[in-house]
Amino acid sequence: MIIVMKNENAAQNLAKALDTHNPIKPVFVHQNRIGLAGVKQIDDAQLADFKDDVVEVITNHHGAIKSSRDFHPEDTIIKTKHSIIGGDHFVFMAGPDSIESAEHVLEMGKDVQLAGATILRGGAFKPRTSPYSFQGNGEDGLKAHRQAADTLQMDMVTEILDTRDVDLVDQYTDIFQVGTRNMQNFALLKALGQKNKPVVLKRGMSATIDDLLNAAEYIAAGGNDQIILMERGIRTFDNKYTRNTMDVSAIPVLKSLTHYPVIADSSHAAGVSKFVEPIGLAAVAAGAQGLMTEIHDHPKEAFVDGAQALTPEQFKQLADKVRRVRTAIQ
Ligand code: E4P
Ligand code: PEP
């Protein structure tokens, strides 16, 4: 809930009083606005002494106060060793879907770096629909990924599936990735809130924008505000020709609601390689501050998601077009 007051002074006074009334609920103040995290309604009696100073009580706010632009108007910019994410910067995260071998991830890393990527992606722990599908190479995959990223002087981003692996993955990665299936794994989000490391949070395939913001809030509430939100396509009534539907509208909406960088993954949205480029360009035109893209030199032999993998050459073409779209919209 947000309470808009006449001025900053009035906001500070009411916030102090509310803090005493609601000791467990965090109260945030920015200029003349008070954010009551986790509160959906308020007893009129609590406002009685201040009612002449209350301009508006907004009850339909998403409630993710720390993540909200209302309380943090400037863009969050995240700096890693080799990348700047957010604001006017654009970042390419690319690489294979899964880490197949040390040689392969290094080769794929060289290709994506040549095209402009500074972050090498790849999964060592894979969230598969079927328990019989390839589940990832685990710690061996993390080691190979780290080695490739170090050799190429790139950042590493990899998915974390389980709270029990947080410290292990933390030893290797520069950026954690929480996948669509884990967006509301609150234990995992809380654990990542305790880390001082960026987290890419992918939108759940059936999650609303408010769900995504509140998932981010779990990480922020723990003290980690290095959050990157990612639109990767949602389930809709028509996912016959694409694997998911890229919710392009979510990109400007999220950018208006939150200060975190908003990036997009058109590989998982498209599900088929021929649509990865146009959908990615649409996301960039809508304001995405980065793209995550899957590549493979022999897509038909990929361990996971070969159908949506771009070849290195196709990725280079996509990256060139992204730069042109960015110039056009600037
Ligand atoms: C890869 O990135 C995911 O693990 C993959 O999309 C899971 O989907 P599947 O197991 O249904 O192939
Ligand atoms: C991935 O990027 O490897 C992945 C599993 O993506 P998503 O969570 O979007 O399905």
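On a predicted model such as this, the values are computed, not experimentally measured, just so you know. Atoms within a ligand are numbered from 1 in the order they appear, just like the ligands themselves.
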Apply salt bridge (charged side-chain N to carboxylate O under 4.0 Å, His left out) to Asp97 and Lys126, showing your working. CA-CA 9 Å; Asp97 179 292; Lys126 293 304 303 172; 2.7 Å; yes
Please determine whether salt bridge (charged side-chain N to carboxylate O under 4.0 Å, His left out) holds for the pair Arg324 and Asp320, giving the CA-CA distance in whole Å, both sets of side-chain angles, and the decisive distance to 0.1 Å. CA-CA 6 Å; Arg324 279 189 268 149; Asp320 288 343; 5.9 Å; no
Within one Ile-Leu-Val-Met-Phe-Trp-Tyr cluster: Val105 and Met154, side-chain cutoff 4.5 Å: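 Same cluster.
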Show which atoms of ligand 1 fall inside a sub-4.0 Å distance from at least one heavy-atom site of [X].
X: Lys126; result: 1 (C), 2 (O), 4 (O)
X: Pro127; result: 3 (C), 4 (O), 7 (C)
X: Val304; result: 1 (C)

Carboxylate-amine/guanidinium contact [X] [Y], below 4.0 Å:
X: Asp305; Y: Arg243; value: yes
X: Lys66; Y: Glu217; value: no
X: Glu107; Y: Lys110; value: yes

Identity and separation of the nearest protein heavy atom to [atom]:
atom: atom 8 (O) of ligand 1; answer: Arg243 NH2, 2.9 Å
atom: atom 9 (O) of ligand 2; answer: Arg232 NE, 2.6 Å
atom: atom 5 (C) of ligand 1; answer: Asp305 OD2, 3.3 Å
atom: atom 12 (O) of ligand 1; answer: Arg128 NH2, 3.0 Å
atom: atom 2 (O) of ligand 1; answer: Asp97 OD2, 2.6 Å

Does ligand 2 have a heavy atom under 4.0 Å from the side chain of Ser267, from its backbone, from both, or from neither?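 Neither part.
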At a non-hydrogen distance cut-off of under 4.0 Å, which region of Gln177 contacts ligand 2 (side chain, backbone, both, or neither)? side chain
Would you mind listing which atoms of ligand 2 come within a distance below 4.0 Å of any non-hydrogen atom of [X]?
X: Arg121; answer: 1 (C), 2 (O), 3 (O)
X: Arg181; answer: 10 (O)
X: Glu159; answer: 1 (C), 3 (O), 4 (C), 5 (C)
X: Lys202; answer: 1 (C), 2 (O), 4 (C), 6 (O), 7 (P), 8 (O), 9 (O)
X: Gly179; answer: 8 (O)
X: Pro127; answer: 5 (C)

Just checking, is any N or O donor in the side chain of [X] or [Y] under 3.5 Å from an acceptor N or O on the other one?
X: Thr236; Y: Asp238; result: no
X: Thr80; Y: Asp174; result: no
X: Asn196; Y: Gln226; result: yes

Does at least one non-hydrogen atom of Gly123 fall below 4.0 angstrom from an atom of ligand 2?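 Contact absent.
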Using heavy atoms and a 4.0 Å limit, tell me yes or no: is Met205 in contact with ligand 2? no
Evaluation steps, side-chain hydrogen bond (donor to acceptor under 3.5 Å, both in side chains), between Glu294 and Gln308: CA-CA 7 Å; Glu294 293 187 349; Gln308 67 196 34; 3.0 Å; yes
For side chain to side chain contact (heavy atoms under 4.5 Å, CB included), just list the numbers for Arg121 and Glu159, CA-CA rounded to whole Å, side-chain angles, deciding distance to a tenth of an Å, and then say yes or no. CA-CA 9 Å; Arg121 68 143 284 143; Glu159 182 161 358; over 6 Å; no
Does ligand 1 have a heavy atom under 4.0 Å from the side chain of Thr129, from its backbone, from both, or from neither? both
May I ask you to decide if the ring planes of His72 and His259 are parallel, tilted or perpendicular, using 30° and 60° as cut-offs? parallel
Do Asp97 and ligand 2 have an N or O pair less than 3.5 Å apart? no
Is Thr180 in polar range of ligand 2, meaning some N or O pair under 3.5 Å apart? yes
Return yes when Glu159 approaches ligand 1 closer than 4.0 angstrom through a heavy atom, no otherwise. no
Any Arg181 heavy atom less than 4.0 Å to ligand 1: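 Judged by the 4.0 Å heavy-atom criterion, Arg181 does count as contacting ligand 1.
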With Tyr172 as partner, the option from Glu139, Arg146, His145 fulfilling side-chain hydrogen bond (donor to acceptor under 3.5 Å, both in side chains) is Glu139
When Asp70 is tested against each of Arg33, His61, His62, His30 for side-chain hydrogen bond (donor to acceptor under 3.5 Å, both in side chains), which residue passes?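 The single option meeting the side-chain hydrogen bond (donor to acceptor under 3.5 Å, both in side chains) with Asp70 is His61.
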